[in-house]
Amino acid sequence: MSAQEPQDPMDLTKAGAHEVHIEDVAPDPDKLPEVMVKAVEVHKYFGRNQVLKGINMEVRTGEVACIIGPSGGGKSTFLRCINHLEKIDAGQLSVAGELIGYKRKGDKLHEMKDKEVAAQRRSIGMVFQRFNLFPHMTAAENVMAGPVVVQKRNKSQVKTRAQELLSMVGLGDRGDAYPMQLSGGQQQRVAIARALAMDPDLMLFDEPTSALDPELVGDVLDVMKGLAASGMTMVVVTHEIGFAREVGDQLAFIADGVVADYGPPKDLLANPNSERLKNFLAKVL
């Protein structure tokens with residue numbers, strides 16, 4: 001299938017979409033528990049290599065928690081554990097009060113079946129370093145894929161919502177474009193729209209700007225700032241210290257598999273509690 005001959009063409013400019021504002025995508029916090037993410041002594045091994053050595057962290061509903069730290073310290077691994085893309089080896093991880101990937105029977109935890117884990121992931125949106133868009137689908141088709149295929153939602157309604165979300169991230173006129181026809185920053189904004197199309201309660205971002213040219217970073221961060229202002233609960237692994245300082249409610253410094261420092265970003269960045277964080281900031285600021 002060529003880029004000019006899509007198998008299922010969709011002219012979303014005729015979908016009758018109304019303007020959507022970024023505040024429309026955040027879930028009602030009154031319908032969610034007070035704590036969205038809770039990690040208790042989370043451990044993770046890759047073979048003999050212990051990557052996470054007892055992560056403890058709590059993210060309240062509506063908060064933006066930013067995670068910084070050196071490469072190889074466990075940041076992305078921990079993020080992937082939140083939606084069970086990586087299985088934890090010890091400890092507990094819960095989202096909205098529900099254990100992720102496991103269910104309790106008596107005093108023991110049993111791993112869920114793949115179908116059950118997939119159902120849990122529907123309420124957790126994730127945006128990766130690399131955009132992971134389907135190259136044979138247009139931007140609009142990428143946004144529609146999850147709601148249509150996974151949630152079995154009405155295609156015409158999803159089509160309208162896709163146009164709304166693309167407009168919200170500044171790409172209302174690029175619904176018919178294929179990923180190869182978009183810049184990296186535009187592809188990442190499509191990826192954000194795709195995650196939001198599933199109406200998640202929680203958004204995870206894994207270094208969402210690290211693969212972008214510097215001049216493309218701002219547009220992606222602006223969308224993320226809008227999401228934060230809307231009340232969306234977010235956990236963001238980032239090297240953008242300015243974003244963490246401006247937008248974050250909490251900042252976790254993960255190094256050597258543990259949360260080595262934690263607190264309000266402005267306070268922590270101005271007065272680190274640990275020598276490890278002081279040394280890290282001296283190198284990156």
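In what follows, residues are counted from 1 in the order of the sequence shown.
One N or O on the side chain of Asp261 and one on the backbone of Ser274 form a donor-acceptor pair closer than 3.5 Å. Remark: the backbone N or O of Glu41 is paired with a side-chain donor or acceptor of Asn56 at under 3.5 angstrom. A donor-acceptor pair under 3.5 Å links the side-chain atoms of Asp249 to the main chain of Val64, judged by distance alone. In this structure, Gln188 contributes its side chain and Pro208 its backbone to a donor-acceptor pair below 3.5 Å. Side chain of Asn142 to main chain of Leu133: no donor-acceptor pair is present (N/O by atom type, distance under 3.5 Å, no hydrogens or angles). Judged by distance alone, with hydrogens and angles left aside, the side-chain atoms of Lys75 form a donor-acceptor pair with the main-chain N or O of Gly69 at under 3.5 Å. Listed for the Asp213 side chain is no donor-acceptor partner under 3.5 Å among the backbone atoms of Glu215. Checked by atom type and distance alone, the side chain of Thr77 never pairs as donor or acceptor with a backbone atom of Gly74 at under 3.5 Å.
In the hydrophobic cluster analysis, where Ile, Leu, Val, Met, Phe, Trp and Tyr join through side-chain heavy atoms closer than 4.5 angstrom, Val117 is grouped apart from Val95. One hydrophobic cluster, built from ILVMFWY side chains closer than 4.5 Å, cannot hold both Met232 and Leu251; they sit in different ones. Note on Val258 and Ile68: separate hydrophobic clusters, where clusters join Ile, Leu, Val, Met, Phe, Trp and Tyr whose side-chain heavy atoms are under 4.5 Å apart, directly or indirectly. Neither Leu202 nor Met224 shares a network with the other; the hydrophobic side chains, linked directly or stepwise wherever heavy atoms of I, L, V, M, F, W or Y lie under 4.5 Å apart, form separate groups for each. With hydrophobic clusters built from ILVMFWY side chains whose heavy atoms lie under 4.5 angstrom apart, Ile254 shares a cluster with Leu204.
Side-chain atoms of Arg104 and His110, non-hydrogen and from C-beta on, never get closer than 4.5 Å to each other. Between Leu281 and Leu269 there is a side-chain heavy-atom pair separated by less than 4.5 Å. In this structure, Leu79 and Glu86 have side chains that are not in contact, with every pair of non-hydrogen atoms separated by 4.5 Å or more. Ser123 is not listed as a side-chain neighbour of Met198, based on a closest heavy-atom distance of 4.5 Å or more. Put simply, the side chain of Thr233 reaches to within 4.5 Å of the side chain of Met36, judged on heavy atoms. By the 4.5 Å heavy-atom criterion applied to side chains, Met126 and Leu85 are counted as neighbours. Proximity of Gln157 to Thr160: side-chain heavy atoms (C-beta onward) are nowhere separated by under 4.5 Å. You'll find the side chain of Pro179 stays beyond 4.5 Å of the side chain of Phe131, heavy atoms only.
Note that the CG atom of Leu171 and the CZ atom of Arg174 stand 7.5 Å from one another [nearest 0.5 Å]. Put simply, CG on Leu32 and OG1 on Thr61 are 5.5 Å apart, with the number rounded to the nearest 0.5 Å. With rounding to the nearest 0.5 Å, the separation of CE in Met144 from CG in Leu165 is 11.5 Å. Between Asp206 atom CG and Gln129 atom CD the span is 5.0 Å, to the nearest 0.5 Å. Distance CG/Leu196 to CZ/Arg161: 8.0 Å, rounded to 0.5 Å. Atom-to-atom distance recorded for Lys266:NZ and Arg245:CZ is 9.0 Å, nearest 0.5 angstrom.
Using a cut-off of 4.0 Å between Lys/Arg side-chain N and Asp/Glu carboxylate O, Glu116 and Lys103 are scored as salt-bridged. With respect to the salt-bridge test (charged N to carboxylate O, under 4.0 angstrom), the residues Lys225 and Glu246 qualify.
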- request: Under the side chain to side chain contact (heavy atoms under 4.5 Å, CB included) rule, what do Val143 and Val190 come out as? Steps first, then yes or no, please.
  value: CA-CA 7 Å; Val143 175; Val190 173; 4.2 Å; yes
- request: Evaluate the side chain to side chain contact (heavy atoms under 4.5 Å, CB included) criterion for residues Arg153 and Asp199: first the C-alpha distance (whole Å), next the side-chain angles of each, then the deciding distance (0.1 Å), finally the verdict.
  value: CA-CA 12 Å; Arg153 285 159 58 180; Asp199 296 323; 3.5 Å; yes
task: Would you check, one step at a time, whether the test side chain to side chain contact (heavy atoms under 4.5 Å, CB included) holds for Glu63 with Gln250?
output: CA-CA 8 Å; Glu63 280 189 339; Gln250 298 293 336; 3.9 Å; yes
task: Could you give me the CA-CA distance, side-chain angles and deciding distance for Val148 and Asn154, then say whether side chain to side chain contact (heavy atoms under 4.5 Å, CB included) is met?
output: CA-CA 7 Å; Val148 171; Asn154 179 275; over 6 Å; no
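Here ring-ring contact (aromatic ring centres under 6.0 Å, His included) pairs that include residues 195-237, with residues two or more places apart or in two chains, number zero. Residue pairs meeting the salt bridge (charged side-chain N to carboxylate O under 4.0 Å, His left out) criterion with at least one member in residues 272-285, sequence neighbours excluded, are Asp256-Arg276, Glu275-Lys278. Within the structure, every pair that satisfies the ring-ring contact (aromatic ring centres under 6.0 Å, His included) test and touches residues 44-91, not counting sequence neighbours, is listed here: His84-Tyr102.
Judged by distance alone, the side chains of Gln187 and Ser183 never bring a donor and an acceptor atom under 3.5 Å apart. With hydrogens and angles left out, the side-chain atoms of Thr138 and Asp176 include no donor and acceptor closer than 3.5 Å. Side-chain contact annotation: Asn83 with Gln120, donor-acceptor N/O pair under 3.5 Å absent.
Of all heavy-atom pairs between Met203 and Ala195, the closest is CE-CB, 3.7 Å. Residues Gly185 and Val220 approach most closely at O-CG2, 3.7 Å, considering heavy atoms. Of all non-hydrogen atoms in Leu93 and Ala39, the two that sit nearest each other are CD2-CB, 3.7 Å. Considering every non-hydrogen atom in both Gly263 and Leu268, the closest pair reads N-CD2, 3.7 Å. Minimum heavy-atom separation, Gly257 to Ile55: O-CD1, 3.5 Å. Closest of all the heavy-atom pairs between Ser167 and Gly172 is OG-CA, 3.5 Å.
In summary, the aromatic rings of Phe253 and Tyr262 are positioned with their centroids too far apart to meet the 6.0 Å limit.
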For residues 234-243, run the donor-acceptor check on the side chains, cut-off 3.5 Å, and write out each pair with its distance to 0.1 Å, sequence neighbours left out.
unit_1	atom_1	unit_2	atom_2	d
Thr238	OG1	Glu240	N	2.8
His239	ND1	Glu207	OE1	2.8
Glu240	OE2	Thr209	OG1	3.3

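Residues meeting the salt bridge (charged side-chain N to carboxylate O under 4.0 Å, His left out) test with Asp219, sequence neighbours left out: Arg189. Considering only residues two or more places apart in sequence or on other chains, Asp267 meets the side-chain hydrogen bond (donor to acceptor under 3.5 Å, both in side chains) condition with none of them.
Enclosure of atom CG in Asp114 is not indicated, since only 12 or fewer non-hydrogen atoms of other residues, nucleotides or ligands lie within 6.0 angstrom.
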